[in-house]
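Report on one structure; see the data block that follows.
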Amino acid sequence: MADKKFTTTSGITFKEVYTEPSGMNELPGEFPYTRGIQKDMYRGKPWTMRQYAGFSTAEESNKRYHYLLSQGTMGLSVAFDLPTQIGYDSDHPLAEGEVGKVGVAIDSLKDMEILFNGIQLKDITTSMTINATASILLAMYIALAKKQGADIKQISGTIQNDILKEYAARGTYIYPPAPSMRLITDIFEYCSKEVPKWNTISISGYHIREAGSTAVQELAFTLANGKTYLKAALEKGLDINVFAKRLSFFFNCHNNFFEEIAKFRAARRMWANITKKLGATDAGAQKLRFHTQTGGSTLTAQQPMNNIVRVSNQALAAVLGGTQSLHTNGYDEALSLPTEAAAKIALRTQQIIAFESGITDTVDPLAGSYFVEALTNELEAAAYTYIEKIDAMGGSVKAIEQDYMQQEIAAAAYEYQNDIESGARVLVGVNKFTQQEEVNPPVFRIDDSIRLQQTQKLDALKKERDNSKVETALQNLRVAAEGIDNMMPYILTAVECYATLGEIADELRKVFGEH
């Protein structure tokens, strides 16, 4: 009797594998993984449904996490505020006006304890969008897992930890490129031994695309950065067949449905060949695993309910492209942080695609489409043209230092904006199909009093902790940074003494300077 799970509403049974007569001889789960890294893909289990969330204080964000988990979210994705991202405590003068605004304020392990109160880290996966201070936030997460009694060799999740795209597109860097790369490879080395299930970097094309790049540039610059991280780890003496398994990617998904699907398929094939050429022989080290977020910059403040359709279109493209993890944006995010209602609709969008559409019943259903296959090949060829230019410059760091990536992204963004303003590119509700009176939904605002609350918590912490232990831990970290020791054990010790994020970042600033 046919399994009803894998039949249409008319009772037609899906085949396990589609090859001929589609013209596709390559199988899902086989090198170079154009058709997906798992042979059964979503027939085995759906993608991880994450909702990127974090705002205000750790207490408030904790409430949102419990709500999302109760609604069916499978993993948490933490947004940190700007001061946390660039290594300033909430009481720093430069933090004024930014505390808790674009994410949650985390100043110490105490805040991390509150953020995950009532949530066992051994039972969830957590993605943290953090880069310049990734080592500190990861240390806090590990310290909390240890306090909860978890086996840190079993905890899993991802830190973004991609500093190269910060220099190229986003701007939340602290230190110069060389010490930043050292911090990253120290994390690779430390986690390969101590936290082996942790994804030590999420190489991000998302922010490159948000800065205005094309799909081809997103693909090319992201994989070029990935090559640079691979080479840096190899130079440190790490085994590519071990550390490459813990690398993941973070892509954007915009509105051009088929181009986005082709981009994901091309990315898998390109990464498989890039890793193979650099010596990877283990299949796990050759597979490109990625998280996708729908395009924040595609959302419009005008007629914001239209964004539900945009997000649905983008989410469907990401799934047809074979993503392992997905975040769907709230329809109101062009106006504010998402309200609880908008976050729920965004999550329900994923659940409807997963459980009602039928597209999870077969793997890479667009394989063999003349258009999709040709587009996959064309995106790959165009991306390699960029990568060859970057290689000729000496790699991503050199290309960034020469402003090559930045200028290419800026030129693409300028052309896109010109197309919007001239009407050559239609943006529904913005330059066509507009309406005189806009009805905007309620927006979510963060009160400036959050900074006062965080400052009071910091004052109390510094009175409660053993400040002599903190000073010793920071001195030891400084010595390690001045030498060649792996810095992660020293950062973890400082975190466990309740040294603050700002204190740890400042200690490294003394050694490395600022970029």
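Both backbone and side-chain heavy atoms feed into the values below; hydrogens, waters and symmetry mates do not.
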**Prompt:** Would one find more than 12 heavy atoms of other residues, nucleotides or ligands at under 6.0 Å from atom NZ of Lys276?
**Reply:** no

**Item:** Polar side chain donor-acceptor pair, Thr300 to Arg310, under 3.5 angstrom
**Value:** yes

**Prompt:** Do the side-chain N and O atoms of Arg170 and Thr172 include a donor-acceptor pair separated by under 3.5 angstrom?
**Reply:** yes

**Flag, side chain of Asp332 to backbone of Thr339, donor-acceptor distance under 3.5 Å** = yes

**Request:** Indicate yes or no for a side-chain donor-acceptor contact from Glu421 to the backbone of Asp419 under 3.5 Å, with no hydrogens or angles considered.
**Result:** no

**Request:** Quick one: sort the Phe188 and Tyr229 rings into parallel, tilted or perpendicular, breaks at 30° and 60°.
**Result:** perpendicular

**Message:** Is the distance from the ring center of Tyr206 to that of Phe251 below 6.0 Å?
**Reply:** no

**Asked** Do the two ring centres, one from Phe290 and one from Phe250, sit under 6.0 Å apart?
**Response** no

**Message:** Quick check: closest heavy atoms across Ala215 and Glu260, and the distance to 0.1 Å?
**Reply:** CB-OE2, 4.0 Å

**Asked** Between the side chain of Asp81 and the main-chain N/O of Thr84, is any donor-acceptor distance below 3.5 Å?
**Response** yes

**Side-chain donor/acceptor of Glu514 to backbone N/O of Tyr175, under 3.5 Å** = no

**Message:** I'd like to know if the side chain of Thr362 reaches the main chain of Pro365, judged simply by a donor and an acceptor atom lying under 3.5 Å from each other, with no hydrogens or angles considered.
**Reply:** no

**Request:** List in chain and number order the residues that pass salt bridge (Lys or Arg N to Asp or Glu O under 4.0 Å) with Asp282, two or more places apart in sequence or in another chain; answer none if no residue qualifies.
**Result:** Lys245

**Request:** Answer yes or no: is there a donor N or O on one side and an acceptor on the other, between the side chain of Thr158 and the main chain of Ser127, under 3.5 Å?
**Result:** no

**Asn161 and Thr200: side chain donor to acceptor below 3.5 Å** = no

**Prompt:** Quick check: are there more than 12 heavy atoms from other residues, nucleotides or ligands sitting under 6.0 Å from NZ of Lys153?
**Reply:** yes

**Message:** If only side-chain N and O atoms count, and only distance matters, is there a donor-acceptor pair under 3.5 Å linking Thr34 with Arg268?
**Reply:** no

**Message:** Please check: side-chain N/O of Lys398 versus main-chain N/O of Gly395, any donor-acceptor pairing under 3.5 Å?
**Reply:** no

**Prompt:** In a check of side chain to side chain contact (heavy atoms under 4.5 Å, CB included) between Ser180 and each of Tyr167, Tyr173, Phe512, which one passes?
**Reply:** Tyr167

**Message:** Just by distance, no angles: are the side chains of Ser297 and Glu210 close enough, under 3.5 Å, to form a donor-acceptor pair?
**Reply:** yes

**Message:** Tell me whether Lys236 at atom NZ has more than 12 heavy atoms from other residues, nucleotides or ligands lying less than 6.0 Å away.
**Reply:** yes

**Asked** Taking everything shown except Glu415 itself, do over 12 heavy atoms lie less than 6.0 Å from its CD?
**Response** no

**Asked** Are any of the side-chain nitrogens in Arg265 or Glu373 under 4.0 Å away from the carboxylate oxygens of its partner?
**Response** yes

**Residues which pass salt bridge (Lys or Arg N to Asp or Glu O under 4.0 Å) with Glu218, listed by chain and number, not counting sequence neighbours** = Arg209, Lys263

**Complete:** Minimal heavy-atom distance between Met181 and Thr228, with the atoms involved, is CE-CG2, 3.9 Å

**Request:** Check whether any side-chain heavy atom of Pro304 sits under 4.5 Å from a side-chain heavy atom of Asn307, and report yes or no.
**Result:** yes

**Request:** Answer yes if the side chains of Arg289 and Gln38 hold a donor-acceptor pair under 3.5 Å, and no otherwise.
**Result:** no

Identify every side-chain donor-acceptor pair in residues 347-356 under 3.5 Å, counting partners at least two apart or on other chains, and give the distances.
residue	atom	partner	partner atom	Å
Arg348	NH1	Gln71	O	3.2
Arg348	NH1	Gln351	OE1	2.8
Arg348	NH2	Gln71	OE1	2.4
Thr349	OG1	Ile345	O	2.8
Gln350	OE1	Trp47	NE1	2.7
Gln350	NE2	Gln51	OE1	3.1
Gln350	NE2	Leu326	O	3.0
Gln350	NE2	Thr328	OG1	3.2
Gln351	NE2	Gln71	O	3.0

**Asked** Would you say the side-chain atoms of Asn431 pair up with the backbone N or O of Ile420, donor to acceptor, closer than 3.5 Å?
**Response** yes

**Asked** Quick check: does any side chain N or O of Thr298 sit under 3.5 Å from a backbone N or O of Gly295, one acting as donor and the other as acceptor?
**Response** yes

